[in-house]
Amino acid sequence: MPEPTQPTTGDDETTTPAASPAAAPATTAGAGEHRLADPADEVTEINPGVDIAPEDIGVPVVSEGERLLEVDEVTLRFGGVVALNEVSFHINKGEILGLIGPNGAGKTTCFNVMTGVYQPTSGAVRYLGKPLGKRKKFQITKLGIARTFQNIRLFANMTALENVLVGVDAHHTTGVVSAMFRLPKHRKEESQGYARAMELLTFMGLDGKADELARNLPYGDQRRLEIARALATSPQLLCLDEPAAGFNPAEKAKLMELIRTIRDQGYTVLLIEHDMKLVMGVTDRIVVLEFGRKIAEGSPAEIRDNPAVIAAYLGVDEEDAS
Amino acid sequence: MSTPTSAPAARKPATRGFKERVDHLPRSVKIVLWVLFALFLFLLPLLNIPFITTEGSDFGGVLFTVATYVLVALGLNIVVGYAGLLDLGYVGFYAVGAYTVGVLTSEHAHLSWVVVVPIAIVVAMVSGVILGAPTLRVRGDYLAIVTLGFGEIVRLTLVNSQWLGGAQGISDIPKPPSAELFEVPSLDWSSGAPVVDLDTTSTFLKFGINDFVPYYWLALGIIGLVLLFDILVKSSRVGRAWEATREDEDAAELMGVPTFRFKLLAFALGAAIGGLSGALFATKAGFISPDSFQLLLSILFLAAVVVGGAGNRWGVIVGAIVVGYFPERFRDFADFRVLVFGLALMLLAIFRPQGLLPPRRTVRAKRADDRQAVLEEGEASA
Amino acid sequence: MLLEVKGLCVNYGRIEAIRDISFTVDEGEIVTLIGANGAGKTTTMKTVSGLRPVRAGTVTFNGKDITHLPSHERPVLGISQSPEGRGCFVGMTVMENLEMGTYARPDRKTKAVKDDLERVFELFPRLKERSNQAAGSMSGGEQQMLAMGRALMAKPKLLLLDEPSMGLAPKLIQQIFDIVTEINSQGTTVLLVEQNAAQALKRSHRAYILETGEIVREGTGKALADDPAVKAAYLGGDV
Amino acid sequence: GDTTTPAASGGAAACGNYKIGMFGALTGPNANLGIYIQNGVNLALDDYNKKHADCKVTLENYDSQGDPTQAPALAKKAIDDKKVVGIVGPAFSGESKAADPAFNEAGLVTITPSATNPALADNGWKTFFRALGNDATQGPAAAKYIKDTLKSTKTFVIDDASEYGKGLADIVRKDLGSQVVGNDTIQQKQTDFSASVTKVTSSGADALFFGGYSPEAAPLIKQLRDAGWKGTFVVADGVKDQSFIDNAKDAAEGTIITCPCVPPDVAPDFQSAYKAKYNEDPNTYSGEGYDSATILLDGIAAGKDRASMVDFVKAYDKKGVTKQLKFDAKGESADIKVFAYKVENGKIVSVGEIK
Amino acid sequence: MQNLIDNFFSYTITGLTIGAVYALVALGYTLVYGVLRLINFAHSEVFMYGTFAALWVVMILGGHPGAGVGQVIFWVAMMFVAAMAMSGLVAVLLERVAYRPLRKRNAPPLIALISAIGASFVLAEIMGLRSRIAGWVGLDDTLRDYVRNSRNNAGLPTIIQPQPIFTIGGYHVTNVDIFVIVGAIAIMVILDQFVKRSRLGRGIRAVAMDPEAAALMGVNRDRVIQVTFLVGGIMAGAAAVFYMLKIGITRYDAGFILGVKAFTAAVLGGIGNLRGALLGGFVLGLAENYGSAVVGSQWKDVVAFVLLVLILLFRPTGLLGESLGKARA
Ligand SMILES: Nc1ncnc2c1ncn2[C@@H]1O[C@H](COP(=O)(O)OP(=O)(O)OP(=O)(O)O)[C@@H](O)[C@H]1O
Ligand SMILES: Nc1ncnc2c1ncn2[C@@H]1O[C@H](COP(=O)(O)OP(=O)(O)OP(=O)(O)O)[C@@H](O)[C@H]1O
Ligand SMILES: CC(C)C[C@H](N)C(=O)O
Ligand SMILES: [Mg+2]
Ligand SMILES: [Mg+2]
């Protein structure tokens with residue numbers, strides 16, 4: 001599949017710069033004597049220096065602090081199961097909002113309602129003041145809401161770069177005709193899209209793996225690639241569903257930093273996570289669900305001491321749990 | 001740290017494929033090679049190369065058949081290979097194209113071939129949309145049976161509708177306008193070495209009833225155009241959207257891909273190319289009947305795509321050549337040719353499970369798997 | 001010695017996921033493997049349960065060499081795994097998933113199964129509530145519970161748990177570890193893989209630390225938990 | 001131009017090594033019909049080659065399996081073989097329609113011993129000749145038999161949608177007029193006729209005419225009999241094939257078969273020669289095959305080549321084993337007879353000409 | 001339309017008999033789809049071999065019309081034995097030769113379809129060339145009689161003389177009708193119970209959903225697949241007997257159309273779902289017959305496929321739905 005505008009993807013044997021040095025540590029370990037690796041080099045560095053701010057994509061921009069998204073009295077039933085029960089909360093532009101709660105509380109379902117996977121039984125989700133209504137999933141993405149998945153769902157047989165490009169394409173309009181005649185608009189979109197995708201990969205520290213098939217990436221890289229792909233759609237709101245699942249403490253710390261950096265670039269973040277240290281450390285505000293109902297909302301400090309939250313979610317020995 | 005998934009040792013020159021070696025040639029050499037190759041393809045029916053040339057049936061006609069298979073395979077590859085939609089009724093579009101030509105040039109009107117072919121493409125494309133719009137919402141294998149049903153509905157409608165010529169079909173389909181430019185002599189190998197045979201010639205482009213070579217030339221030209229189209233579209237956003245849809249439809253949708261629209265687009269483009277191919281077939285055959293559009297043909301088309309390597313355009317071309325050519329080559333086996341062909345399909349499936357020329361993604365996966373197999377047996381040291 | 005792994009090497013293609021590792025699990029123990037992402041923990045588990053072919057080395061279970069035994073014969077011997085990523089049968093109901101756990105049990109038709117089911121429902125009341133829900137529509141954490149419950153239904157001699165706490169709420173993580181301790185005290189040997197190293201080490205008799213496919217350290221759970229280097233690398237600096 | 005000179009002297013040096021082609025189903029479900037013809041053709045060749053041992057003519061087989069889609073490629077193959085000076089066939093109407101335009105363009109003469117669809121002669125093909133009566137006579141004859149001999153008042157008509165079957169059935173329908181109590185169309189290769197069976201039985205028909213071939217006729221009558229239908233089954237030449245009886249077994253008993261083919265005893269010499277060679281009586285269209293081949297062989301003997309053969313056949317007028325062999329301007333046979341046959345005790349026996 | 005109303009019961013009974021055959025063959029498609037998630041394209045040939053086995057055994061035993069009840073029962077029983085054994089064997093062989101090697105090579109599902117198509121050609125052609133093959137092997141002339149004319153029809157003598165048992169709405173329901181309908185339903189009930197009781201059903205579904213996890217539960221994938229093919233083959237063998245009793249004639253390519261229909265029936269009912277196959281078979285058989293009555297037999301298959309498309313549009317996973325669910329978003 002020759003792709004003229006993307007010179008590095010055409011050749012599947014291209015050396016990926018980051019791959020070779022990474023192989024080294026395995027051989028440097030002495031025969032009998034083992035030393036524990038420095039936790040720092042276990043985590044791929046991100047590159048906060050790269051600018052990945054959302055491009056101007058023509059969606060109305062709200063200023064910092066205003067309401068970006070509002071969940072209004074949303075109820076969702078699956079047969080007898082009430083997954084969401086009159087849940088209301090909102091997300092302000094520029095904040096990091098945590099969404100926590102016991103297993104099966106309805107957090108992922110909440111994402112699904114916000115991204116058009118499910119239609120609420122009653123209630124509404126309003127984005128920039130307007131109800132999402134019956135919009136299709138891809139239309140909602142174009143409006144500026146992007147997400148990652150609790151169980152990773154990359155395009156397994158596409159390269160990392162291609163995965164991100166699919167996200168970038170969300171705002172492109174090239175059709176068959178402009179591709180066929182290689183119209184200027186098409187060329188511009190391709191080259192700009194490619195540049196942006198590389199930027200995002202670099203930001204996530206994945207630039208060395210641009211040509212790896214997604215399914216061959218290690219678990220952690222796959223999680224990061226999911227975030228890169230979501231960012232590629234230039235969202236106003238980024239929804240992360242348990243991005244730290246399966247990470248060790250050192251990796252979690254890095255992720256925390258990453259989420260902050262993303263926010264600082266101008267994105268709004270909604271975070272589902274069970275790791276309290278991460279949630280408490282990074283969020284501005286937290287909403288707690290239990291059995292599909294909102295049981296608390298407030299700053300991390302308030303939530304930490306909320307007896308209902310402790311009873312339902314944190315358990316007594318919070319220290320050990322994190 | 002993360003263990004690398006590819007390491008430098010894999011890039012020994014020895015493992016370099018043919019493609020890479022060609023890629024490293026200077027540009028001018030490449031162009032010359034391409035021109036020579038194209039010339040070779042054009043002259044192939046006249047070279048009468050021993051062994052390759054079919055004894056049992058007219059080689060020009062066989063090459064034309066192969067060319068229509070190639071065209072069909074390119075179209076079906078968009079549907080099956082790129083968008084991942086299993087279509088078992090592709091012959092329906094082929095029939096729509098052929099019958100549009102038949103009806104408009106012979107049965108009910110006498111329009112010129114030049115006008116009719118574009119109409120056939122459009123009609124086929126529209127039929128693709130009409131079939132796709134309601135049915136593309138059903139998933140996977142359900143689509144397979146629905147499309148299969150479509151193919152049969154088309155055929156049976158042709159059989160049973162007198163307006164379309166019924167089971168007896170449509171005959172006297174006119175030839176395309178000829179432009180008799182020059183004659184091309186053929187080679188004669190009967191003495192063991194090639195001798196230019198000036199008596200047996202083909203006229204460029206004289207569309208007669210008994211020399212199929214010009215039809216082959218026409219088809220070859222059209223294949224070139226379709227290939228170019230395919231390359232340009234596949235390497236654009238459209239191609240990526242298809243691939244993403246095939247990989248994970250929900251995730252694609254959530255990344256902003258209007259999957260339904262792209263599936264429908266794939267269906268319509270595939271149908272258009274199928275219709276074009278059918279139109280060519282009708283032109284050359286001069287006679288079409290519903291028997292020419294049996295369900296079995298859909299299956300052979302699919303076999304061409306899959307055997308070649310769904311998703312790789314060069315692969316499906318090779319697959320189409322295999323499926324179109326071998327049954328003719330096997331005519332020597334007379335009554336046993338279908339048996340031999342069936343065996344060949346099974347052997348290909350078993351020994352080339354990823355197709356003859358797998359798409360890039362599977363080439364990689366395959367390489368990894370091969371190495372893996374070796375290493376896991378413990379026969380190699382890493 | 002219930003499980004003995006000797007000189008094990010496993011590859012993914014040319015990647016050596018595991019290089020020459022050896023460890024043992026004694027009857028009645030909880031043994032933990034810890035290590036960073038990609039260290040080879042899951043690969044080790046899969047090799048013990050037969051899902052990955054072995055390039056070199058041996059796996060011995062209960063005195064029997066099972067290195068090349070097909071994976072589906074291992075549950076019969078008493079090895080059961082709750083896989084990473086859960087591996088629930090998404091189209092089956094919760095109940096059917098649990099019944100799948102008993103597939104290889106010789107006493108699957110007896111009342112013992114019923115009792116075990118009761119116990120699993122006691123441990124995870126949510127599963128009982130939803131016993132007719134399709135596993136695929138359960139939440140992430142609920143599926144994790146289901147995977148654990150299914151492994152318990154197999155009543156194994158050796159239980160392999162690959163990150164059982166992944167995706168679980170803090171309160172439930174406590175419970176999971178309590179359950180592990182409890183079933184262990186009732187005689188099930190456990191081989192555990194955890195990112196939640198602090199908890200895991202506290203509960204286990206012994207532990208091994210894996211790094212890029214090799215065992216770099218081993219010791220009792222307590223000793224490792226107190227080791228400053230281990231603390232720095234895997235416990236996030238606190239505890 | 002050079003029509004008369006070379007072979008007229010009959011010298012070995014001038015031998016053209018000519019071939020004639022046999023075009024029809026030699027394998028496949030309808031192979032029997034093709035083979036009956038081929039046997040006749042071979043007999044004619046034997047006769048010729050005995051007389052012309054120094055310059056034998058050989059037979060080239062073009063096995064279409066009766067499938068129209070295979071026909072054009074086979075026609076092309078025959079055309080490309082310059083030694084082939086004439087074709088016996090194509091045997092079936094469907095394949096004739098597909099292949100004959102190419103023969104016409106190439107100027108290669110075809111004499112069909114069996115394809116009976118009337119419309120074939122209306123295409124203006126200069127190379128088309130038919131050595132038997134077409135369905136424009138067979139159809140009315142069948143209708144007449146149904147009306148006059150069977151005295152049927154309620155007749156059901158089924159066709160198989162093929163060039164031949166539908167064409168013939170439509171003629172029968174027209175001739176029977178108002179006594180047709182029901183119509184149906186089936187598909188070739190169909191095996192389950194339950195819906196048609198219900199239609200026939202419920203119509204109260206006392207006779208059924210089926211236009212089609214034996215692979216469908218056998219299961220059709222079998223299923224009708226199983227359902228208790230007692231009327232008379234009338235079919236045409238497409239079913240005059242031993243395999244019909246082999247497969248329909250007892251259900252075939254009493255079936256009336258019309259055919260523009262002569263019964264073997266009309267030409268006793270031919271009958272005994274055939275029997276000597278094949279150990280059985282001449283069958284459907286064996287005699288017509290013999291005659292068609294003989295015309296071409298006479299042309300070869302007269303020194304004709306491919307180009308001059310057309311005019312030779314056009315002008316031909318001789319007595320053959322089946323009839324006076326002479327063609328009109330459209331290539332139709334001048335001497336036409338239709339016979340009726342009946343299945344009795346597992347054999348097809350002649351019950352005389354339908355006049 | 002009037003025709004349909006007047007002869008409603010006639011169309012219904014005949015629709016049910018052919019529907020029963022569809023249903024039994026559909027089971028094979030559904031079972032294999034259930035475990036491998038692929039269309040076993042060669043299943044039609046498995047069925048076709050059954051029809052020949054049923055035919056040959058009657059020929060060898062000298063079956064003829066008008067025999068006594070005891071003899072007829074014996075012949076029919078032998079038909080079942082022979083056809084089920086033959087189809088079961090062919091199905092198992094098919095799995096060995098056309099599918100297992102691919103599985104070992106981790107081939108993508110589509111290529112398995114091609115392998116199955118190849119196998120289907122080979123199986124059909126072997127039957128179509130059996131007279132030649134018998135000639136090579138040097139079978140003596142008596143035996144060659146069974147394989148004569150191998151591209152042509154092969155007919156079974158009417159061993160059960162159809163006799164009206166009772167009349168409903170003017171239609172005489174015969175002993176053969178009753179035998180086919182009741183027999184097919186009985187066999188399907190037995191299968192349903194067998195699958196339920198034997199862990200096979202659960203094993204099949206587990207393997208289909210997650211082969212790795214299934215292995216962890218102790219499910220032997222290869223065995224489950226093999227048993228699935230065997231059971232599907234046996235059902236096709238039973239279908240073959242009913243088919244021969246009702247239709248009476250078979251041919252080397254007789255499987256193709258019937259296979260397409262049966263697969264349609266399987267999808268109609270919800271592929272992967274045993275009861276769906278049963279329902280789909282009957283619905284298809286009835287719809288075809290009613291359709292033929294109203295718009296003419298030549299539109300029979302069109303009616304069948306249009307019905308299929310309509311049902312799938314409104315019930316995208318068939319009448320009874322797939323028994324295999326999907327992961328959530
Ligand atoms: N399609 C469905 N059908 C039936 N029940 C469903 C469906 N989807 C979700 N549920 C139920 O709704 C509840 C909420 O699920 P959800 O996935 O939102 O939980 P969650 O808060 O994300 O939990 P976790 O932390 O475990 O991921 C669960 O009890 C789940 O079983
Ligand atoms: N299917 C696969 N193909 C190729 N490489 C793989 C595959 N699965 C794992 N690997 C590689 O093998 C190594 C060990 O992986 P493994 O899954 O055993 O690690 P782990 O310790 O369980 O990590 P985690 O904490 O992420 O679960 C990693 O480098 C990983 O990238
Ligand atoms: C051989 C014959 C039975 C052919 C038939 N009369 C036809 O026209 O097709
Ligand atoms: Mg969740
Ligand atoms: Mg792991």
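Just so it is clear: chains get the letters A, B, ... in the order the sequence lines come, proteins before strands, and each one is counted from 1. Predicted model, so just to flag it, every value in this text is computed and none were measured. Because only heavy atoms are used, hydrogens play no part in the values below, and waters and symmetry mates are left out as well, while side chains stay in.
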Value for CG (L308(E)) from CD (E152(B)), rounded to nearest 0.5 Å, stands at 12.5 Å

Tell me, side chain or backbone of V80(B) under 4.5 Å from chain E's heavy atoms, or both, or neither? side chain

Tell me which of these, V309(E), L129(E), L102(E), has more heavy-atom pairs under 4.5 Å with chain B than the rest. L129(E)

Would you say CZ of R275(E) has more than 12 non-hydrogen atoms from neighbouring residues, nucleotides or ligands within 6.0 angstrom? no

P353(B) to P108(E) - nearest heavy-atom pair and separation: O-CD, 3.4 Å

Closest approach of M346(B) and V97(E), non-hydrogen atoms and distance? CE-CG1, 3.5 Å

Heavy atoms only, distances under 4.5 angstrom: which of V267(E), V260(E), L38(E) has the most pairs with chain B? Name it, please. V267(E)

For R155(B), which atoms come within 4.5 Å of any heavy atom of chain E: side chain, backbone, both, or neither? neither

Nearest 0.5 angstrom please: I39(E) CD1 to L148(B) CG, how far? 8.5 Å

Toward chain E, the part of L348(B) with a non-hydrogen atom under 4.5 Å: neither

Enter the distance from L339(B):CG to I126(E):CD1 here, rounded to the nearest 0.5 Å. 6.0 Å

Please state whether the side chain, the backbone, both or neither of L347(B) comes within less than 4.5 Å of a heavy atom of chain E. neither

Heavy-atom pair with the smallest gap, counting every atom of T317(E) and Y142(B): O-OH, 3.6 Å

Side chain, backbone, both or neither of L110(E) within contact of chain B (heavy atoms, under 4.5 Å): both

Please classify the contact of L312(E) with chain B as side chain, backbone, both or neither, using a heavy-atom distance under 4.5 Å. both

Heavy-atom pairs under 4.5 Å with chain E, option from I350(B), I153(B), V146(B) with the top count: I350(B)

Closest approach of L156(B) to W299(E) (non-hydrogen atoms, all atoms of both residues): O-CZ3, 4.2 Å

Once you round to the nearest 0.5 Å, how far does CZ of F121(E) lie from CG of L300(B)? 5.0 Å

For the student: nearest non-hydrogen atoms of I299(B) and I117(E), plus distance: CG2-CD1, 3.2 Å

At what distance, to the nearest 0.5 angstrom, does CG of L88(B) lie from CG of L113(E)? 6.5 Å

